[in-house]
Amino acid sequence: MEKRPFLIDCDTGTDDAIAIMAALYSPQIDIQAITSVNGNVAEVYTSRNNLDLMEYLGKDIPVARGAVRALQGGGINAEGGAECHGEKGLGTIQLPTAQRAFDPRVADQVIYDTAVKCKGELELLVIGPMTNIAIALCNHLDLAGLIKRIWFMGGAALGGNVLPTAEFNIWADALAAHIVTQSGIPMTMVGLDVTLKAVMTEEDIALLRQAGTKAANLTADLLDFMVVRRDEGGEDLVMHDALALAAALCPECLVCKDCFIDVEFSHPYTMGYTFVDQGGRTGKAPNAAVALDIDVPMFRRWLVEAISRSALEK
Ligand code: RIB
Ligand code: CA
């Protein structure tokens with residue numbers, strides 16, 4: 001079966017790294033490139049984490065640097081994630097510094113060039129603020145028609161984590177999220193409604209340790225960091241970003257509903273609010289499949305199996 005071409009745009013962070021590793025060892029897809037954005041921590045760290053992770057795992061996938069600040073969002077440099085992801089984004093883990101260089105192109109150019117190369121078959125996994133995607137859409141009129149689907153972690157039909165009404169990825173660059181959600185590209189929204197339930201356990205960590213590969217052990221180390229964070233009153237072992245990948249590769253893990261969505265970006269109290277028209281009251285045609293329910297055991301099994309598949313690599 002033909003592998004589905006994917007590009008991952010991310011603000012690597014701990015849960016981004018786990019999602020990337022699940023993608024690397026999923027046989028259905030072929031990762032064309034990884035583009036980095038400011039988000040959990042500054043872009044200088046998110047891009048460094050992406051490049052170091054690729055070299056650590058022996059993957060010769062292009063890694064590009066990207067937007068260092070938002071178009072318009074809640075925080076110019078959303079480094080607020082340090083308490084959640086550690087100072088440089090990978091918890092207490094310091095990977096060996098990669099010897100190879102970043103792709104010489106900036107993220108938005110890599111996104112466009114890859115979309116052209118894939119002739120309309122490219123799918124995007126977007127698991128950080130959407131700045132790079134929005135810039136690429138603004139720079140290339142034909143890009144929207146070249147993206148098969150966007151699978152994004154962001155927003156919430158109800159609630160928020162950075163404001164009562166806003167989720168971090170969307171809040172961090174609300175204007176970018178508005179541009180992307182209104183682009184006409186088919187998309188699936190995987191928001192807090194389901195990601196906050198996507199919690200891994202110590203049992204999953206033990207299973208990953210049994211796999212014993214570099215990727216499985218690194219995932220277990222990242223989850224161990226999250227155990228300490230949880231026990232100190234921080235976020236649980238929540239797999240926000242990996243669930244967005246699961247939407248694409250294990251769709252039976254989620255229940256989705258086609259809704260019209262948009263993003264508010266004009267007022268500080270509603271910055272990053274994702275309007276999800278579940279009842280069709282606007283009369284506007286749905287522009288996203290919105291994940292509203294999750295089979296948690298199925299997701300946990302899928303994630304452990306995906307990363308454990310690294311043991312099959314020669
Ligand atoms: O709100 C959760 C999202 O914010 C995840 O993508 C996490 O990595 C952070 O970027
Ligand atoms: Ca992320």
Side-chain angles (χ1 to χ4, degrees), residues 7-23 34-43 45-50 53 66-67 69-70 73-75 77-91 93 107 124-133 150-174 176-177 180 187-200 219 222-223 225-226 229-230 234-248 263 271-274 291 294 303:
L7 180 146
I8 302 176
D9 188 79
C10 48
D11 61 335
T12 304
T14 51
D15 65 319
D16 303 70
I18 292 172
I20 291 168
M21 287 190 274
I34 295 179
T35 51
S36 319
V37 67
N38 170 72
N40 285 317
V41 289
E43 187 276 345
Y45 297 133
T46 63
S47 54
R48 171 50 53 193
N49 292 338
N50 288 330
L53 182 61
R69 61 153 294 163
N77 189 338
E79 280 197 47
E83 72 285 348
C84 189
H85 296 272
E87 190 209 342
K88 295 183 180 178
L90 290 182
I93 293 153
L124 303 184
L125 178 67
V126 179
I127 50 179
M130 296 184 171
T131 316
N132 291 330
I133 319 301
I150 291 177
W151 308 87
F152 75 90
M153 191 280 135
L158 201 59
N161 58 2
V162 67
L163 290 178
T165 53
E167 176 279 328
F168 174 78
N169 284 345
I170 304 299
W171 170 85
D173 197 339
V180 174
M187 58 185 68
T188 296
M189 168 177 155
V190 180
L192 297 176
D193 316 277
V194 287
T195 66
L196 286 175
K197 299 172 185 170
V199 178
M200 303 302 276
T219 302
L222 288 162
L223 292 172
F225 166 80
M226 294 180 185
R229 182 182 71 186
R230 175 199 66 194
E235 184 166 70
D236 209 331
L237 284 65
V238 185
M239 298 292 98
H240 297 284
D241 294 340
L243 190 58
L245 179 67
V263 175
M271 178 70 75
Y273 169 65
T274 39
I294 175 179
L303 183 56

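Numbering of ligands and ligand atoms starts at 1, following listing order.
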Q: Scan side-chain atoms only and decide if Thr35 and Asn132 contain a donor-acceptor pair under the 3.5 Å cut-off.
A: no

(Q) Within the 4.0 Å heavy-atom shell around Met153, which atoms of ligand 1 are there? (A) 2 (C), 3 (C), 5 (C), 6 (O)

Q. Ligand 1 versus Asp241, non-hydrogen atoms closer than 4.0 Å: side chain, backbone, both, neither?
A. side chain

Q: Nearest 0.5 Å please: distance from the CG atom of Leu7 over to the CD1 atom of Ile133.
A: 7.0 Å

Q | Contacting atoms of ligand 1, where contact means under 4.0 angstrom from a heavy atom of Asn169 | A | 3 (C), 4 (O), 5 (C), 6 (O), 9 (C), 10 (O)

(Q) At less than 3.0 Å, would any N/O/S atom of Asp16, backbone or side chain, sit next to the Ca ion (ligand 2)? (A) yes

**Q.** Atom pair CE/CE of Met239 and Met153 - distance to nearest 0.5 Å
**A.** 11.5 Å

**Q.** Identity and distance of the protein heavy atom lying nearest atom 8 (O) of ligand 1
**A.** Asp15 OD1, 2.5 Å

Q: Taking the Ca ion (ligand 2) as the reference point, name the nearest N/O/S atom of Asp241.
A: OD2

Q: Enter the distance from Met130:CE to Asp9:CG here, rounded to the nearest 0.5 Å.
A: 9.5 Å

Q. Strictly by modelled atom types, are Asp11 and Thr46 linked by a side-chain donor-acceptor pair under 3.5 Å?
A. no

Q) Below 3.5 angstrom, do we get any N/O pair linking Leu192 and ligand 1? A) no

Q.
Closer than 4.0 Å to some heavy atom of Glu167 - which atoms of ligand 1 meet that?
A. 1 (O), 2 (C), 3 (C), 4 (O)

**Q.** Passing candidate, side-chain contact (heavy atoms from CB on, under 4.5 Å) with Thr12, options Asn40, Leu90, Ile127
**A.** Leu90

(Q) Which atom name would you report as the N, O or S atom of Asp11 nearest the Ca ion (ligand 2)? (A) OD1

Q.
Tell me the contacting part of Thr195 for ligand 1: side chain, backbone, both, or neither, using a 4.0 Å heavy-atom threshold, strictly below.
A. neither

**Q.** Heavy-atom pair of closest approach, residues Glu43 and Gly66
**A.** OE2-N, 3.0 Å

Q) About how many Å separate CZ of Phe225 and OG1 of Thr14, when rounded to the nearest 0.5 Å? A) 6.5 Å

Q. For ligand 1, which atoms, with element, lie under 4.0 Å from some heavy atom of Asn161?
A. 1 (O), 2 (C)

Q) Does any N, O or S atom in Gly13 come within less than 3.0 Å of the Ca ion (ligand 2)? A) no

Q: Measure the OG1-CD1 distance between Thr274 and Ile170 for me, rounded to the nearest 0.5 Å.
A: 6.5 Å

Q. Going by the atom numbers of ligand 1, which of them fall below 4.0 Å from some non-hydrogen atom of Asp16?
A. 8 (O)

Q: Could you see which bit of Thr14 sits under 4.0 Å from ligand 1, with heavy atoms only: side chain, backbone, both or neither?
A: neither

Q) Nearest protein heavy-atom contact for atom 9 (C) of ligand 1: which residue, which atom, what distance? A) Asn40 OD1, 3.0 Å

Q) So, for Arg230 and Leu237, which heavy atoms are closest and what is the spacing to 0.1 Å? A) NH1-CD1, 3.9 Å

